[in-house]
Amino acid sequence: MDASVPEDKRPPTGYRGRFAPSPTGPLHFGSLVAAVGSYLQARSHGGLWQVRIEDIDPPRVVPGAAEDQLATLARFGMAPDGPVRYQRRSTPRHAAAVERLLADGLAFACGCSRADLPSSGVYPGTCRSGLPPGRTARSVRFRVPAEPVRVQDPLRGAWEERLEQTCGDVVIRRADGFHAYQLAAVVDDLHEGITEVVRGADLIDSAGRQQALHRALGGTPPRWLHLPLVVDSSGRKLSKSSGADPVTARPAAEALALALRVLGHPPPAGRRTLDALWAWARASWATGRIPTEPFEL
Ligand code: GLU
């Protein structure tokens, strides 16, 4: 990054990042960390930062939550590039992708319910070569490749995953007819030309599945970067139901300073306003400083 050229005068680099909150409640501190990390990573690469409201699971969507989350991002001074996208509006694109995978033999109708799966949760391939007699189609699953997928994360190195062993064929259209997160995220990342996915480490298990789906749909997978989780004193992931969330319990500048600490960028003393914190963070941001360990709040 050439710090002598003002940010808004630099040519776009082709980097395209996104933040994709699920509108199931207010933006909690764990999500703020993901927003700040993805935002700074995009800005430090001279890239674009888009916001996609992941409203693909209507039974879990809370009315007003998306607006509330967007207002929180604005309050912290994070302005998305381009219009905010609402994922449900891409349903026809998600449906077309499922049809394509079915037509290509890369997906199949499955008649199993959760109760039919072993306790490991790994799909044993029951309906892979056709519905067994007496079963009716419920969901659609993506046929995971037999060969291992290789995933890379700049903070966590590279690893190989045999999806047949870790999860088995992945549900892409659920029994209730809605498209599954794995499918919708991949289709939209591909469509929007996302080059780097920066999100919380709770989604690290999705990277291999999404990488395989990207390839099946003929796309180049993005790079993955997983940020440290924020946990409570008993090691549990901070959730929307956790009390005294810094996003609401503290002034915005204090919550931002804490998010930067989680991300391995503790601001120096004296940086107390949002503007001063952002200016410092943009100038100091270095991917290698982000820890992998969970942060206990
Ligand atoms: N919607 C997910 C969340 O709120 C993020 C999904 C993603 O970034 O792929 O944690």
Side-chain angles (χ1 to χ4, degrees), residues 15-42 47-62 65-70 72-73 76 78 80 84-90 94 97 142 151 153-156 167 170-172 174 178-214 217 219 221-231 236-242 245 247 259 262-263 290 294-295:
Y15 180 111
R16 218 175 252 267
R18 56 39 164 207
F19 172 58
S22 306
T24 53
L27 202 77
H28 61 89
F29 185 64
S31 299
L32 179 74
V33 169
V36 171
S38 60
Y39 177 79
L40 285 168
Q41 184 74 355
L48 298 176
W49 184 72
Q50 298 177 177
V51 172
R52 181 201 300 153
I53 299 293
E54 213 175 71
D55 54 354
I56 40 155
D57 191 356
R60 290 188 60 230
V61 167
V62 172
E67 293 69 24
D68 190 69
Q69 293 178 329
L70 293 170
T72 303
L73 293 177
F76 277 86
M78 284 179 273
V84 171
R85 291 158 207 251
Y86 288 79
Q87 202 163 25
R88 274 282 278 160
R89 296 186 190 153
S90 306
H94 304 152
F142 164 57
V151 189
D153 176 309
L155 300 177
R156 293 158 205 267
C167 57
V170 178
V171 171
I172 51 176
R174 308 182 334 192
F178 294 119
H179 294 109
Y181 155 71
Q182 304 291 0
L183 185 273
V186 168
V187 169
D188 292 348
D189 283 342
L190 260 173
H191 179 76
E192 291 163 18
I194 300 301
T195 61
E196 189 163 319
V197 168
V198 180
R199 60 187 176 190
D202 53 327
L203 287 160
I204 206 156
D205 286 347
S206 291
R209 292 158 215 198
Q210 295 182 0
Q211 176 113 337
L213 262 169
H214 267 282
L217 289 167
R223 287 182 299 273
W224 315 98
L225 173 65
H226 293 91
L227 303 171
L229 276 191
V230 182
V231 296
R236 276 192 299 263
K237 184 192 155 197
L238 211 67
S239 72
K240 286 160 184 139
S241 51
S242 311
D245 189 291
V247 174
V262 175
L263 292 164
I290 307 170
F295 182 94

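Both counts, for ligands and for their atoms, begin at 1 and track the order of listing. Only a predicted model underlies this, so the values are computations on that prediction, with no experimental measurement involved.
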Asks: Decide whether H179 and R174 meet the rule of one side-chain donor and one side-chain acceptor closer than 3.5 Å.
Replies: no

Asks: Please determine if L203 has a nitrogen or oxygen closer than 3.5 Å to a nitrogen or oxygen of ligand 1.
Replies: no

Asks: Is Q210 close to W224 at the side-chain level, that is, under 4.5 Å between some pair of heavy atoms?
Replies: yes

Asks: Which pair of heavy atoms, one from Y15 and one from A42, lies closest together, and at what distance?
Replies: CE2-CA, 3.4 Å

Asks: Going by the order shown, which atoms of ligand 1 are within less than 4.0 Å of some heavy atom of R18?
Replies: 7 (C), 8 (O), 9 (O)

Asks: Tell me whether A185 reaches ligand 1 (any heavy atom closer than 4.0 angstrom to a ligand atom).
Replies: no

Asks: If I compare all heavy atoms of T24 with all of V62, which pair ends up nearest, and what's the gap?
Replies: O-CG2, 3.3 Å

Asks: What are the two closest heavy atoms between A201 and R156, and how far apart are they?
Replies: CB-NH2, 3.7 Å

Asks: Backbone or side chain, does any N or O of Y181 fall under 3.5 Å from an N or O of ligand 1?
Replies: yes

Asks: Regarding atom 1 (N) of ligand 1: of the candidates E54, H28, Q210, which has the closest heavy atom?
Replies: E54

Asks: So is G200 in contact with ligand 1, going by heavy-atom distances below 4.0 Å?
Replies: no

